[in-house]
Number of protein chains: 2
Amino acid sequence: MFSQTEENYLKCIYLQLEKNAQSLVTTSVISEQMKTTAASVTDMLKRLSGKKLIHYKKYQGVLLTKSGRIKALSIVRKHRLWEYFLVEKLKFQWDEIHAVAEQLEHVASELLIDKLDVFLGRPKFDPHGDPIPDHHGKLSLHRLKNLSLLKPREKGKVAAVVEQDPDFLKHLERLQIQIETPIKVLDKAEFDRSMTISINGSGTVNISYDIAKNILIGK
Amino acid sequence: MFSQTEENYLKCIYLQLEKNAQSLVTTSVISEQMKTTAASVTDMLKRLSGKKLIHYKKYQGVLLTKSGRIKALSIVRKHRLWEYFLVEKLKFQWDEIHAVAEQLEHVASELLIDKLDVFLGRPKFDPHGDPIPDHHGKLSLHRLKNLSLLKPREKGKVAAVVEQDPDFLKHLERLQIQIETPIKVLDKAEFDRSMTISINGSGTVNISYDIAKNILIGK
DNA sequence: AAAAATATTTAGATTAGTCTAAAAATAAGT
DNA sequence: ACTTATTTTTAGACTAATCTAAATATTTTT
């Protein structure tokens with residue numbers, strides 16, 4: 001049985017490793033993500049290490065142990081299932097749900113999360129397109145391309161977003177970009193790496209490189 | 001913004017006052033309900049008093065302030081709405097839900113609880129028959145009689161249960177007694193105050209005084 | 001009225017989690 | 001190689017919440 005704070009740290013480390021599986025996660029990255037001081041992070045890393053949830057090397061960074069990873073996947077599963085519930089059933093907007101799911105994910109009940117999974121029809125992806133681990137911690141992966149790497153005339157559907165900042169998600173909504181939206185690259189400007197894209201086969205819009213790099217495209 | 005522990009204490013005090021509005025709530029009653037020591041209770045009561053949530057007199061007991069009562073009603077509302085959700089939507093048994101709702105009730109989001117209320121069809125009572133306060137803290141009351149006080153040939157429907165101990169609720173299930181079940185008193189034994197009742201107009205069963213006193217009957 | 005029992009509070013200790021400031025380690029620049 | 005900058009850790013302090021043991025207040029019994 002772990003505290004909410006411990007669970008949050010494990011989830012944070014897991015998400016960092018999901019982004020970049022090659023490197024250890026550093027104290028300063030965790031400090032930034034958890035919005036706390038470096039000293040607090042060091043304290044907590046020592047504690048998690050003592051509980052055999054992470055491999056921790058001073059000054060070098062951390063990785064999850066097998067049991068740490070299992071625990072982290074469990075939290076991520078809960079987080080994403082609750083996000084699905086909030087959007088599909090309670091009609092939340094996709095930019096409103098993160099903070100609420102951050103609280104719901106700590107409810108300690110296997111039965112609850114299993115029944116919620118069934119109730120929702122065993123969804124494989126959350127409203128941002130991220131994979132929902134199943135009961136055994138397995139997740140569906142789809143091969144996605146970063147929109148910023150697509151060439152003119154290439155196309156596909158929006159499958160996920162990298163960044164989940166509410167302002168960013170609101171901006172996508174204004175552009176009428178959401179999960180499953182068909183996208184085609186029309187042109188790319190080399191001077192600022194912005195791109196012109198068509199949305200839903202009709203609307204044409206220019207988006208910055210910063211926007212494009214946070215959108216993942218699938219078939 | 002209050003801690004989960006503070007919210008739990010407020011709820012506990014509120015529920016005691018709901019049972020017996022005439023008297024101050026004592027340290028030992030709270031200690032028993034919260035499963036903690038009398039010293040811990042005294043510490044917390046001092047803290048809640050400092051935050052103007054309770055009126056606290058040493059050695060005499062506590063009452064809720066206006067803002068303490070508002071906060072307590074908010075927690076009770078959340079608890080009971082989540083219990084409704086767990087039974088109606090996720091098909092939990094009514095004896096399985098208390099512990100889960102005890103966690104869900106601390107999710108701090110007004111929007112969440114309002115959307116959940118709408119999603120559930122604005123229920124007035126939880127699965128145990130307890131009234132769910134509305135957005136303004138108002139609750140529907142029905143005049144109920146304790147089953148143990150009914151006389152032979154009096155009848156009505158099960159409207160609520162006083163005790164929510166899971167073993168007790170399971171026992172009622174085995175007797176096929178649940179909310180809305182029609183009950184008629186056939187006989188009362190004076191030596192042990194047990195009573196013979198008919199359930200659903202057909203089944204006849206003898207129940208102890210201890211069972212009867214925990215069932216509330218409405219029209 | 002006094003003694004005994006019970007309830008409650010106080011004092012001091014503990015753990016979890018946070019912080020600041022200083023010290024130590026590492027990385028970057030010259 | 002040395003200096004400077006940055007990152008990280010350590011030490012000690014803080015708050016919240018819990019406890020035990022002892023002291024205090026109240027209630028009950030004699």
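Lettering follows sequence order; numbering is per chain, from 1.
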- Who pairs with B:Q103 by side chain to side chain donor-acceptor pair (under 3.5 Å), at least two apart in sequence or on another chain? none
- Item | N or O in side chain of A:Y56 less than 4.0 angstrom from D:dT8 OP1/OP2 | no
- Please identify each residue that fulfils side chain to side chain donor-acceptor pair (under 3.5 Å) with A:K11, with sequence neighbours left out. A:E102, A:E105
- Does B:K46 put a side-chain nitrogen or oxygen below 4.0 Å from OP1 or OP2 of C:dT10? yes
- Message: My understanding is that only residues two or more places apart in sequence, or in another chain, count here; which of them pass side chain to side chain donor-acceptor pair (under 3.5 Å) with B:H171?
- Response: none
- Task: Measure the distance from CE on B:M1 to P on D:dA16 and round it to the nearest whole Å.
- Result: 14 Å
- For C:dA16, does OP1 or OP2 lie under 4.0 Å from any side-chain N or O of A:Y9? no
- Query: Does the side chain of B:S208 come under 3.5 Å of the side chain of B:D210 through a donor N or O and an acceptor N or O?
  - Reply: no
- Message: Determine whether the aromatic ring centres of residues B:F85 and A:F85 are separated by less than 6.0 angstrom.
- Response: yes
- Whichever of A:K51 and A:Q60 has its nearest DNA chain C nucleotide further upstream toward 5': A:K51
- Given B:D117, B:D126, B:D130, the one that forms salt bridge (charged side-chain N to carboxylate O under 4.0 Å, His left out) with B:R77: B:D117
- Could you give the CG-to-P distance, from A:N8 to C:dA16, as a whole number of Å? 17 Å
- For residues 49-58 of chain B, the side-chain hydrogen bond (donor to acceptor under 3.5 Å, both in side chains) pairs (sequence neighbours left out) are B:E6-B:K51
- CD of B:E6 versus P of D:dT15: gap in Å, rounded? 15 Å
- Message: Using the ring centroid of each side chain, check whether A:H128 and A:H98 are separated by less than 6.0 Å.
- Response: no
- Nearest-Å distance for atom pair CG/C1', residues A:L45 and D:dT9: 11 Å
- Message: Checking side-chain contact (heavy atoms from CB on, under 4.5 Å) between B:I13 and each of B:V29, B:N8, B:I30, which is the one that passes?
- Response: B:I30
- Query: Taking OP1 and OP2 of C:dT10, is either one under 4.0 Å from a side-chain nitrogen or oxygen of B:K58?
  - Reply: yes
- Within residues 34-42 of chain A, find the residues that approach DNA chain D with a heavy atom at under 4.0 Å, and present them sorted by residue number. A:A38, A:A39, A:T42
Under 3.5 Å, N/O pairs linking protein and nucleotides 5-7 of chain C:
none

- Message: Without decimals, in angstroms, what is the distance between A:M44 CE and C:dC19 P?
- Response: 11 Å
- Answer for the Watson-Crick or wobble partner of D:dT30, both distances under 3.5 Å, is C:dA1
- Roughly how many Å is it from CG in A:D43 to P in D:dT10, rounded to a whole number? 9 Å
- Rounded to the nearest angstrom, tell me the gap between atom CG in A:L48 and atom P in C:dA16. 12 Å
